[in-house]
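Here the structure is laid out as structure tokens; the discussion comes afterwards.
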Amino acid sequence: MFDVLDDTIVAVSSPPGQGFRGIVRISGPRAVGIAGGLFADADATPLSQRGGFRRFCGEVRIEGDASVPAELYLFRAPRSYTRQDLVEFHTIGSPPVLAMLLERIIEGGARAAEAGEFTARAFFNGAMSLNEAEAVAALIGAQSDAQLRSAHRLREQAPARQVQAWMRQLTELCALVEADIDFAEEPIEFITPANLRDRLTALRAELDKLIHDAKGSERFETLPTVLLIGPANAGKSSLMNALSQTDRAICSAVAGTTRDILTAPMSLPSMDCLLLDGVGLTHTDDELIQLAQSLTKTAVSRVDLLCLVVDVSVEHRNKDLEILRDHRRQRAVIAANKCDLMDVDKCAARVAQLRRAKLGPVQTTSAASGAGLEKLKSAIQDRLCEDQQHGQEHTILPGARLQSAITAASAALGRAGRQACGMGETIDRAELIALELREALDALSVICGVVTTEDLLARVFADFCIGK
Ligand code: GDP
């Protein structure tokens with residue numbers, strides 16, 4: 001996989017489909033030559049003689065004499081994403097235009113890139129660690145803003161730097177212990193057992209702390225998910241804000257304000273979950289809202305629980321419950337919202353009507369006054385916990401590679417520590433300790449891209465899309 005790194009690759013790297021701006025990215029030794037042949041601007045200096053880190057405005061030829069306006073971004077090796085010469089054309093986001101431009105560049109001698117190939121080059125050319133490459137994949141794949149935050153954190157925190165520091169310490173320890181083996185006959189002491197024990201303990205504590213912190217930061221992605229659905233204006237966005245105590249959703253009296261799926265963490269009595277707010281599913285001719293509705297409909301079958309929000313202050317409409325009838329296999333709770341707008345008896349009658357539909361527990365709420373919110377949270381937790389899986393701590397983490405590598409290293413250090421504990425004045429089990437230290441080093445080096453396996457790389461880069 002990706003065994004050729006020195007040819008020139010090209011791909012459309014803006015999202016697929018019609019967009020405001022389309023980006024075509026070329027990387028490799030011929031990138032500047034090929035781009036220069038297609039690009040024209042007011043400057044007579046050939047592109048090959050211009051400096052990097054610059055942007056030029058002009059036109060790019062896409063077919064015969066036909067050109068379209070384009071900006072050209074020039075990055076010179078090694079100061080580029082891939083550490084190779086890299087050119088980006090930013091032009092009209094029309095798929096046919098981008099396809100024609102791609103064709104011209106391929107005619108010029110570039111090859112169509114495979115998914116993840118740009119980032120793979122960045123990795124192989126030393127511009128980023130495997131961990132950072134994985135973070136890029138996570139960014140591309142992020143489906144909720146909680147996931148996006150987590151991916152950003154992964155990229156920004158770059159635990160790889162921390163891991164490199166540990167590897168330096170481990171290498172030194174390993175060298176000292178191995179020196180003890182090599183010079184066993186000599187009266188030289190490279191490291192005392194006490195010093196070795198102390199350093200092993202301190203190092204292991206740092207590793208364990210990172211595992212603990214990572215669990216906290218990536219927790220969101222494995223939280224059970226609850227999707228608020230229901231007719232427009234029932235109060236989903238207001239409930240989202242009230243339940244999560246954030247201002248994630250913009251609430252308005254205009255039906256169909258929420259056009260995207262918003263997410264926010266929510267604390268339940270004894271666990272956390274992720275609350276999702278989709279668009280109202282009321283029929284509309286607005287294409288944008290229809291698109292958002294299809295997003296919500298897809299989410300309906302993927303989440304752990306549906307929370308149907310109905311406005312109890314208006315006459316009960318049968319079609320409000322349709323979505324739950326269509327997804328009977330999905331667990332659900334019903335929030336009879338806006339109870340503050342009506343008297344208690346009338347409200348109770350409407351709630352009884354909702355209960356008769358037998359689609360899930362019904363709880364009266366008011367996003368405006370806060371009434372019933374804690375009870376709704378309890379009902380959500382109870383429903384989620386019916387599924388055993390969510391009653392427990394979620395331990396499957398997306399940064400699983402990082403987690404498992406550090407956990408393996410920590411375990412190896414633990415074993416080395418136990419060997420060291422039994423020692424007296426001299427290091428008498430040096431071979432066994434050295435073996436464990438090497439194992440810890442091997443585990444950590446996987447994160448920094450020093451030692452890595454084909455399998456592992458294939459898995460990381462397989463998640464990419466073309467152009468990244
Ligand atoms: P969505 O379309 O379902 O997301 O509904 P919104 O949350 O945007 O709410 C629609 C309108 O109803 C807004 O004007 C809210 O202020 C109002 N609203 C929402 N919940 C309540 C509630 O519990 N009581 C009252 N009185 N008004 C509410």
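Counting convention: from 1, in listed order, for ligands and their atoms alike.
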Lys/Arg-Asp/Glu bridge criterion (N-O < 4.0 Å) met for Asp43, Arg54: no
Should the ring pair Tyr73 and His90 be called parallel, tilted or perpendicular, given that the plane angle runs from 0 to 90° and is split at 30 and 60? tilted
Could you list the atoms of ligand 1 found under 4.0 angstrom from a heavy atom of [X]?
| X | answer |
| --- | --- |
| Lys236 | 1 (P), 2 (O), 3 (O), 4 (O), 5 (O), 7 (O) |
| Ser238 | 6 (P), 7 (O), 9 (O), 15 (C), 19 (C), 20 (N) |
| Asn337 | 20 (N), 21 (C), 23 (O) |

Determine whether the side chain, the backbone, both or neither of Leu341 has a heavy atom under 4.0 Å from any heavy atom of ligand 1. side chain
Using a 4.0 Å heavy-atom cut-off, say whether Asp340 meets ligand 1 through its side chain, its backbone, both or neither. side chain
Does an N or O anywhere in [X] fall below 3.5 Å from an N or O of ligand 1?
| X | value |
| --- | --- |
| Leu239 | no |
| Ser237 | yes |
| Ala232 | no |

Can you name the side-chain hydrogen bond (donor to acceptor under 3.5 Å, both in side chains) partners of Ser369, sequence neighbours left out? Ser366
Can you list everything that forms a side chain to side chain contact (heavy atoms under 4.5 Å, CB included) with Gln169? Sequence neighbours excluded, please. Trp166, Leu203
Taking side chain as C-beta onward, heavy atoms only, is Val60 less than 4.5 Å from Val24? no
